[in-house]
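All remarks here apply to the structure that follows.
Please read all numbers here as calculations on a predicted model, not as lab measurements.
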Amino acid sequence: DLWRKGFSGVFRANKLLEKIAAVPMSEAKKARYVAECKFLRAYFYFDLLRMFKNIPLLLQPLDVNEMFDVTQAAPADVWAQIEKDLKDAIAETQLPDRITDLNEKARATKGAAHALLGKVYIYQEKWPEAAAELALVNGTPGQQNPTYGYELLEKFEDLWKSEPEFKFNKESIFEISYTNTSQGTWDCVACTEGNVLNIMTGPRSYTAKTDDAPDYVSGWSFLTVSNALYAVMKDDPRFPYTIADLKALVASGKATYSPGHDDTGYFLEKFMGRASNRVPSGIPELNFPQNLYDMRLADTYLLEAEALVRAGQGSGAGSRAYALLNAVRDRVGLGPIPATIDNIFLERRKELAGEGHRFFDLIRTKQA
């Protein structure tokens, strides 16, 4: 499925780039579409490369008759193409710094392209280049970026709310949009525009026993939180907004549930389906509205801090890495600490828990 998703995206980008020159539309609109296609082609190749390593590199649509004659490219060639696509997208003057139209918020911006290019440099251990690119996104730590408008939300818990006013917030750099009005069905789960993650993470046979119990929906008990993560998070201010402690709810008589596979009693609070978000008709399990962050500012703060430290730019008070790390900590009321690599990675584990970064962090740094 991940291979199919990635190369479907590559194919569509290649097809549009092949056809767009002959399309009757304004040159400005063409330039924006070209920039978006190159951003997305880079985005899909970045995921494919870090998941599979050895992949074909296709820069034009592939005829069906050619499908079995494709050879793998050297990873270095794919990395180079990703960099080129992102630099081309940034150079296109029609890729906007900000998007104010709510109907277009999910489209790529110049800031998102800089952020992705910074991540691409991180994965190749190009530390000075990564730090420089991410600095354009992050601006002054703890303050709003005057170019792109990015700023840490005041409250960590607001990041996980599904109401429209919390979507595409000022911390969001690139966001995947979902809705509870798409009417997705079991005939084509992949066709829904609802967020299926919300039903996957819910505890099986969940039943609230008191009025003050959370309004979780009964789900499928996937993505249970490990005891190791619980131990790391239990005293952190982000714990109640990251981990749903069903063990405590059951012990207090507030709720019951049926333990599923690999049950620990802990679930992913960030993405728990809520009864208040259930669609009134259709298939509610497939139509939850919570958006997902592909890139958000706390992630890029910590990535730049890592790049600066690895580039030998300092980690103590007064350094930029120190300011970046502690802006993330200050948001949740934690005091300052030195920006060592160990501290940065522990902060990434806590801040970004459940968001899909840690697996890749462990692989790219050979900690796995």
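The residues Glu171 and Arg331 are annotated as salt-bridged, a charged nitrogen and a carboxylate oxygen being separated by less than 4.0 angstrom. Looking at Lys87 and Glu133, no side-chain N of the basic residue comes within less than 4.0 Å of a carboxylate O on the acidic one, giving no salt bridge. Between Lys84 and Asp88 there is a salt bridge, since at least one side-chain N of the basic residue sits less than 4.0 Å from a carboxylate O of the acidic one. Note on Lys247 versus Asp245: no salt bridge recorded, every NZ/NE/NH1/NH2 to OD/OE distance being 4.0 Å or above. For Arg358 and Asp361, the salt-bridge test fails: no basic side-chain N is under 4.0 Å from an acidic carboxylate O. No salt bridge links Arg32 with Glu27; every basic N to acidic carboxylate O contact stays at or beyond 4.0 Å. Salt-bridge check for Arg320 with Glu304: passed, with a basic side-chain N closer than 4.0 Å to an acidic carboxylate O. A salt bridge between Arg107 and Glu104 is present, with a side-chain N of the basic residue lying under 4.0 Å from a carboxylate O of the acidic one.
In the model, Thr340 has no side-chain atom that pairs as donor or acceptor with a side-chain atom of Asp342 under 3.5 Å. Between the side chains of Thr264 and Asn227, no donor N or O sits under 3.5 Å from an acceptor N or O. For the residue pair Asp77 and Gln81, no side-chain donor N or O sits within less than 3.5 Å of a side-chain acceptor on the partner. Looking at Ser276 and Asp215, their side chains do bring a donor and an acceptor atom within 3.5 Å of each other. Side-chain N/O atoms of Arg98 and Tyr148 include no donor and acceptor closer than 3.5 Å. A side-chain donor from one of Glu269 and Tyr216 sits under 3.5 Å from a side-chain acceptor of the other.
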- Message: Determine whether Ile341 and Arg310 satisfy the following criterion, side chain to side chain contact (heavy atoms under 4.5 Å, CB included), listing intermediate values before the conclusion.
- Response: CA-CA 8 Å; Ile341 292 299; Arg310 293 193 189 277; 3.6 Å; yes
- Would Phe52 and Trp3 count as a ring pair (Phe, Tyr, Trp, His ring centres under 6.0 Å) if you check the C-alpha gap in whole Å, the side-chain angles of each, and the deciding distance to 0.1 Å? CA-CA 8 Å; Phe52 299 106; Trp3 182 276; 5.1 Å; yes
- Message: Determine whether Glu83 and Lys126 satisfy the following criterion, side chain to side chain contact (heavy atoms under 4.5 Å, CB included), listing intermediate values before the conclusion.
- Response: CA-CA 12 Å; Glu83 289 184 20; Lys126 296 180 177 180; 2.8 Å; yes
- Give the intermediate values and the outcome of salt bridge (charged side-chain N to carboxylate O under 4.0 Å, His left out) for residues Lys350 and Glu347. CA-CA 5 Å; Lys350 295 177 179 180; Glu347 202 64 33; 5.6 Å; no
- Arg204 and Asp263: salt bridge (charged side-chain N to carboxylate O under 4.0 Å, His left out), yes or no, with the steps? CA-CA 10 Å; Arg204 193 172 302 174; Asp263 179 67; over 6 Å; no
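Annotation: the span from Leu303 atom CG to His357 atom NE2 amounts to 8.0 Å, rounded to 0.5 Å. In this structure, CD1 in Ile176 is found 9.0 Å from CG in Asn291, a value given to the nearest 0.5 Å. The OG atom of Ser221 sits 11.0 Å away from the NE2 atom of His261 when rounded to the nearest 0.5 Å. To the nearest 0.5 Å, the span separating OG on Ser26 from OH on Tyr33 amounts to 8.5 Å. Here Leu86 contributes atom CG and Leu116 contributes atom CG; the two are 4.5 Å apart, rounded to the nearest 0.5 Å. Here the straight-line distance linking atom CD of Glu92 with atom NZ of Lys110 works out to 9.0 Å at 0.5 Å rounding.
When side chains are defined from C-beta on, Phe288 does not count as touching Leu197, because their heavy atoms never get closer than 4.5 Å. In this structure, Met51 and Asp47 have side chains that are in contact, with non-hydrogen atoms separated by less than 4.5 Å. In this structure the side chain of Thr300 never reaches within 4.5 angstrom of the side chain of Tyr150, judged on heavy atoms. Counting heavy atoms from C-beta outward, Tyr45 and Val10 have side chains that approach closer than 4.5 Å. When side chains are defined from C-beta on, Phe267 does not count as touching Val225, because their heavy atoms never get closer than 4.5 Å. The shortest distance between side-chain heavy atoms of Arg50 and Phe46 falls below 4.5 Å. The side-chain heavy atoms of Tyr123 and Leu49, taken from C-beta on, include no pair separated by under 4.5 Å. Counting heavy atoms from C-beta on, the side chains of Pro214 and Leu249 come closer than 4.5 Å.
The backbone N or O of Pro338 lies less than 3.5 Å from a partner atom in the side chain of Asn343, making a donor-acceptor pair. Thr140 places no side-chain N or O within donor-acceptor distance of the main-chain N or O of Gln143, the cut-off being under 3.5 Å. The backbone N or O of Ile283 sits less than 3.5 Å from a side-chain atom of Asn287, completing a donor-acceptor pair. A donor-acceptor pair under 3.5 Å is absent between the side-chain atoms of Asn54 and the main chain of Ala73, judged by distance alone. Between the side chain of Ser319 and the main chain of Gly316, a donor-acceptor pair closer than 3.5 Å is present. One N or O on the side chain of Lys30 and one on the backbone of Val23 form a donor-acceptor pair closer than 3.5 Å. Checking side-chain atoms of Ser172 against main-chain N and O of Asn169 turns up no donor-acceptor pair under 3.5 Å. No donor-acceptor pair closer than 3.5 Å links the side chain of Thr109 to the backbone N or O of Pro96. Put simply, the side chain of Asn14 gets close to the backbone of Leu58: a donor and an acceptor are under 3.5 Å apart. Between the side chain of Lys167 and the main chain of Tyr178, a donor-acceptor pair closer than 3.5 Å is present.
There is a path of hydrophobic side-chain contacts, each under 4.5 Å, that joins Val137 to Tyr43. The hydrophobic clustering, which links ILVMFWY residues whose side-chain heavy atoms are closer than 4.5 Å, places Val332 and Tyr322 apart. The cluster map of Ile, Leu, Val, Met, Phe, Trp and Tyr, joined by side-chain heavy atoms under 4.5 Å apart, puts Phe44 and Val78 in the same cluster. Clustering ILVMFWY residues whenever any of their side-chain heavy atoms sit less than 4.5 angstrom apart, transitively, puts Val232 in a cluster other than the one holding Leu334. Under the 4.5 Å side-chain contact rule for hydrophobic residues, Met272 and Phe239 do not share a cluster.
Aromatic ring centres of Tyr230 and Tyr266 lie closer together than 6.0 Å. For Tyr293 and Phe174, the gap between ring centers reaches or exceeds 6.0 Å.
Closest heavy-atom contact between Ile173 and Ala115: CG2-CB, 3.9 Å. Of all heavy-atom pairs spanning Lys270 and Leu352, the tightest one is NZ-C, 3.6 Å.
Under the side chain to side chain donor-acceptor pair (under 3.5 Å) test applied with Gln290, the options Asn198, Asn180, Thr179, Asn195 reduce to a single match, Asn198. Arg296 pairs in a side chain to side chain contact (heavy atoms under 4.5 Å, CB included) with only one of the listed residues (Glu355, Glu175, Lys170), which is Glu355.
Counting non-hydrogen atoms of neighbouring residues, nucleotides and ligands closer than 6.0 angstrom, the CZ atom of Arg274 exceeds 12 such neighbours. Around NZ of Lys53, the count of heavy atoms belonging to other residues, nucleotides or ligands within 6.0 Å does not exceed 12. Within 6.0 Å of CD on Glu193 lie no more than 12 heavy atoms contributed by other residues, nucleotides or ligands.
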